[in-house]
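Accompanying notes for the structure given below.
Worth saying up front: this structure is predicted, and the values here are computed from it rather than measured. Note on naming: letters A, B, ... go to the chains in the order of the sequence lines (proteins, then strands), and numbering restarts at 1 for each one.
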2 protein chains.
Amino acid sequence: MFGMLTIGQLADYAGVTVKAIRHYHERGLLAEPERDTSGYRRYGAQDAVDLVKIRTLASAGVPLSRVKDLLDADPDALTAAIAEIDRTLQDRIARLRRTCDQLAQLRGGDRLFVSPEVADHLDHLRELGVSERQLRLERDGWIIMRTASPEDAFVWITERRELLTDPEFRALYLEHDLAYDWSPDDPRLPALADRTRKWFTGHHGRSETRPVHNPAIARLAARSQPGATSPAWNRLADLMKGD
Amino acid sequence: MFGMLTIGQLADYAGVTVKAIRHYHERGLLAEPERDTSGYRRYGAQDAVDLVKIRTLASAGVPLSRVKDLLDADPDALTAAIAEIDRTLQDRIARLRRTCDQLAQLRGGDRLFVSPEVADHLDHLRELGVSERQLRLERDGWIIMRTASPEDAFVWITERRELLTDPEFRALYLEHDLAYDWSPDDPRLPALADRTRKWFTGHHGRSETRPVHNPAIARLAARSQPGATSPAWNRLADLMKGD
DNA sequence: TCGGACGTTGACCCTGGGGCAGGGTCAAGC
DNA sequence: GCTTGACCCTGCCCCAGGGTCAACGTCCGA
């Protein structure tokens with residue numbers, strides 16, 4: 001019979017693989033055509049039209065089960081459905097574009113992993129000369145805090161950034177950072193502990209909102225990390241709670 | 001231990017389902033963390049960072065097997081890979097937008113299923129008052145032709161559109177269309193056959209390129225369609241080849 | 001201390017095809 | 001007649017998870 005297509009020709013016409021056509025047959029989306037004497041499927045022009053419809057909907061991300069319904073829906077329902085599909089498609093495009101942006105940030109620093117406020121905070125600390133080790137501790141601490149309570153984390157990071165404008169706090173922070181590598185017998189440790197305690201008592205009244213949980217030298221949250229503490233820091237902790 | 005996340009908390013943090021995290025464990029993408037006494041997985045901040053990386057790459061459509069390699073690739077290779085991924089992403093966005101356009105045409109006529117030239121041709125025929133039945137025959141014929149040979153189909157459709165500028169050809173075409181429903185004994189049939197033959201002989205020399213295959217009244221290709229012929233048309237065919 | 005709501009565990013089936021295996025068919029050339 | 005290459009057939013496994021299940025764990029209020 002003249003004008004009957006094989007599955008491969010049909011596939012080429014619609015820009016679809018042979019496999020996909022067979023799949024549509026299995027799902028009952030495209031009617032199984034007649035077979036020739038050797039069992040090959042033989043298609044006509046209407047099949048080509050149907051297939052292009054199916055492919056258009058499917059490549060818009062419509063699940064095949066729904067495509068099936070849509071194919072013999074009345075024109076009004078089809079129009080409505082198309083409008084809705086178009087909306088979800090726009091949404092997907094927008095999301096892909098956002099993914100694009102995030103992808104670009106992947107080679108950068110930590111901005112992708114923490115909130116913008118925390119990222120700014122970490123940048124600030126880096127400018128002050130804080131060690132990479134301490135920066136990681138900070139970053140990880142804020143990550144953990146955010147999982148516990150994003151709102152609280154936001155309040156805390158705001159407080160913390162404000163605190164860093166205090167020169168004495170900044171000095172203490174940097175010195176604590178340095179102290180990590182000191183010997184536990186270092187004579188500077190008691191003096192540092194003392195200064196820290198004094199600063200604490202002086203500022204206790206100010207940030208009353210969450211006096212317990214707001215860790216001035218915030219490493220509590222990251223305690224489980226490897227290298228999150230050192231002999232000198234342990235000594236420091238003992239000295240500070242000792243009195 | 002303080003600061004250890006459950007799988008659900010980690011999932012919320014990264015904007016990912018619990019299921020996906022377990023999947024990444026199975027694929028060896030994300031290291032299996034320690035379990036607590038009851039067998040629950042317990043995660044740290046580093047896991048959150050790793051997970052966001054994975055998710056960023058995966059939602060850009062990178063296959064997980066490649067994500068795995070990328071995770072511990074050197075920065076240069078990563079940069080190159082990201083550039084490439086970005087390109088494929090742009091491509092996907094462009095393709096989605098095209099899909100959007102095609103979707104809109106789905107409620108329209110046949111423009112989606114045939115080449116633009118054929119679509120214009122069909123529009124022209126419709127304006128001339130050709131029956132819907134005949135239009136379908138035409139459309140299906142061109143579809144079948146295109147599967148046989150897109151280039152030839154392009155040549156043929158160009159010739160055909162030129163031919164339609166001939167008033168006598170137009171008149172014959174329209175009358176053949178009407179003749180479909182006539183009785184096979186209709187006295188107008190012999191006259192029509194005669195006129196058609198005359199026209200043919202008059203124009204035989206002109207379009208020499210494909211004298212055999214260029215069907216003046218092109219319904220050969222669609223002969224397999226239901227309703228592609230009628231008693232009157234059969235009679236007409238007999239009359240024309242009879243002499 | 002109990003009950004109920006919610007989390008977590010692994011296991012299994014579903015999607016929309018791509019890929020592969022093992023076999024049949026066809027047309028062309030030797 | 002035989003081979004060769006291109007095409008077709010069915011059936012099964014794979015991806016990247018989503019849904020659902022039964023069986024536990026955990027936490028919170030009464």
Side-chain angles (χ1 to χ4, degrees), chain A residues 1 4-30 32-43 47 51 53-71 85 88 92 95-96 99 147-149, chain B residues 1-2 4-30 32-43 47 51 53-71 85 88 92 95-96 99 147-148:
Chain A
M1 180 101 68
M4 301 253 65
L5 315 177
T6 68
I7 197 169
Q9 291 172 310
L10 182 67
D12 285 350
Y13 177 81
V16 148
T17 63
V18 169
K19 195 66 189 284
I21 294 180
R22 288 206 267 252
H23 194 58
Y24 298 152
H25 285 318
E26 273 173 34
R27 301 282 129 138
L29 270 171
L30 191 61
E32 277 277 5
E34 310 272 292
R35 308 282 182 126
D36 65 15
T37 50
S38 55
Y40 288 13
R41 295 179 178 87
R42 287 301 178 148
Y43 299 89
D47 296 311
L51 181 53
K53 273 189 201 168
I54 294 171
R55 200 220 46 171
T56 303
L57 289 166
S59 67
V62 180
L64 295 196
S65 56
R66 206 171 156 222
V67 171
K68 192 176 176 180
D69 301 342
L70 246 44
L71 280 179
I85 293 164
T88 68
R92 281 208 351 217
R95 221 172 303 168
L96 272 191
T99 302
T147 66
S149 165
Chain B
M1 178 102 68
F2 184 68
M4 302 253 67
L5 315 177
T6 68
I7 196 169
Q9 291 172 312
L10 181 66
D12 285 350
Y13 176 82
V16 148
T17 63
V18 169
K19 201 65 191 290
I21 295 179
R22 288 208 269 251
H23 192 60
Y24 297 152
H25 285 320
E26 277 172 29
R27 302 276 131 172
L29 271 170
L30 191 61
E32 276 277 3
E34 311 271 290
R35 308 282 183 123
D36 64 15
T37 49
S38 55
Y40 286 16
R41 295 179 177 86
R42 288 301 179 149
Y43 298 89
D47 296 312
L51 181 54
K53 273 188 200 168
I54 293 170
R55 200 220 44 168
T56 303
L57 288 167
S59 67
V62 180
L64 295 196
S65 55
R66 208 173 152 218
V67 171
K68 192 176 176 182
D69 301 342
L70 245 45
L71 281 179
I85 293 163
T88 67
R92 284 211 347 216
R95 220 172 306 169
L96 272 190
T99 302
T147 66

Subject >> Under-4.0 Å side-chain N/O to phosphate OP1/OP2 contact, B:T17 with D:dG18 >> reply: yes
Original post:
So does B:T6 get a side-chain nitrogen or oxygen closer than 4.0 Å to the phosphate oxygens (OP1/OP2) of C:dT8?
Top reply: yes
**OP:** Please state how far atom OH in A:Y43 lies from atom C1' in D:dC7, giving the value in whole angstrom units.
**Re:** 14 Å
Original post:
Would you say the side chain of A:K19 and the base of C:dG17 hold a donor-acceptor pair, judged only by whether the two atoms sit under 3.5 Å apart?
Top reply: no
Original post:
How would you label the contact of B:R27 with the nucleic acid (heavy atoms, under 4.0 Å): base, sugar-phosphate, or nothing?
Top reply: sugar-phosphate
Original post:
Is B:R22 touching bases, backbone alone, or none of the nucleic acid, heavy atoms closer than 4.0 Å?
Top reply: base
Original post:
To the nearest Å, how far apart are B:H23 NE2 and D:dC15 P?
Top reply: 8 Å
Original post:
Are more than 12 heavy atoms from other residues, nucleotides or ligands located less than 6.0 Å from atom CD of A:E34?
Top reply: no
**OP:** Would you sort out whether B:R92 and A:L96 count as a side chain to side chain contact (heavy atoms under 4.5 Å, CB included), showing the intermediate values?
**Re:** CA-CA 9 Å; B:R92 284 211 347 216; A:L96 272 191; 3.7 Å; yes
Original post:
Of A:V62 and B:E32, whose nearest nucleotide on DNA chain C comes first from the 5' end?
Top reply: B:E32
Original post:
Side-chain N or O of B:S38 less than 4.0 angstrom from OP1 or OP2 on C:dT8?
Top reply: no
Original post:
Rounded to whole angstroms, how far apart are OH on A:Y40 and C1' on D:dA6?
Top reply: 9 Å
Original post:
Within less than 4.0 Å of OP1 or OP2 of C:dG10, is there a side-chain N or O belonging to B:R41?
Top reply: yes
Original post:
Side chains of B:I85 and B:L70: does their closest heavy-atom pair fall under 4.5 Å?
Top reply: yes
**OP:** Look at the side chain of B:A20 and decide which nucleotide, out of C:dG18, D:dG18, C:dG17, has an atom nearest to it.
**Re:** D:dG18
